[in-house]
Amino acid sequence: MVYAVVRAGGRQEKVEVGSIVVLDRLAAEQGGTVELAPVLFVDGDKITHDAKALEKIKVKAEVLGNERGPKIVIQKYKNKTGYKKRQGHRQELTRIKITSIA
């Protein structure tokens, strides 16, 4: 079993070849390729986490498209003061497919 844990935005994601992952928006066109920085690499029983060894490992992915996440509503309210505030947010996301880990 070969997989890697990659740094993507402010989070870390466990990826395998062929897996589809949704990340924070990346500056890449649809159909383009991106390279992700591995934090951990597992190849069977061999685990690599050394920074020098991880520099040699490349995790490449194909950009499937950009999308937006679900809308969330932020509401603030203070009792007895007449203060109400309502705000919405939709996160910008990118869907990628892992093509190779080498």
Using 0.5 Å steps for rounding, measure from the [atom1] atom of [X] to the [atom2] atom of [Y].
X    : Y   : atom1 : atom2 : answer
I98  : K60 : CD1   : NZ    : 12.5 Å
H49  : F41 : NE2   : CZ    : 13.5 Å
Q91  : R68 : CD    : CZ    : 9.5 Å
S100 : E35 : OG    : CD    : 8.5 Å
T33  : I96 : OG1   : CD1   : 11.0 Å

>> Closer than 3.5 angstrom, by distance alone: can the side chain of R11 be matched with the main-chain N or O of L23 as a donor-acceptor pair?
In response: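 No, R11 side chain to L23 backbone: no donor-acceptor pair under 3.5 Å.
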[X] and [Y]: same hydrophobic cluster, using ILVMFWY side-chain contacts below 4.5 Å?
X   : Y   : answer
V21 : Y3  : no
V2  : V17 : yes
V15 : V34 : yes
I47 : V5  : yes

> Is the CZ atom of R90 crowded by more than 12 outside heavy atoms at less than 6.0 Å?
Replying inline: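 Counting neighbours around CZ of R90, more than 12 heavy atoms of other residues, nucleotides or ligands fall under 6.0 Å, so yes.
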> For atom CD of E29, is the number of surrounding heavy atoms from other residues, nucleotides or ligands below 6.0 Å larger than 12?
Replying inline: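 For E29, atom CD is not crowded (no more than 12 foreign heavy atoms under 6.0 Å).
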[X] versus [Y], closest heavy-atom pair with distance:
X   : Y   : answer
A4  : V59 : CB-CG2, 4.3 Å
L26 : T94 : N-OG1, 3.0 Å
I74 : G88 : CD1-C, 4.5 Å
V39 : L54 : O-CD1, 3.1 Å
T48 : A53 : CG2-CB, 3.5 Å

With heavy-atom distances below 4.5 Å as the criterion, would you say the side chains of [X] and [Y] are in contact?
X   : Y   : result
R95 : E67 : yes
L40 : V42 : yes
K71 : H89 : no

>> By the definition side-chain contact (heavy atoms from CB on, under 4.5 Å), identify the one residue from K85, R86, Q87 that meets it with Q75.
In response: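 Per the side-chain contact (heavy atoms from CB on, under 4.5 Å) rule, the option paired with Q75 is R86, out of K85, R86, Q87.
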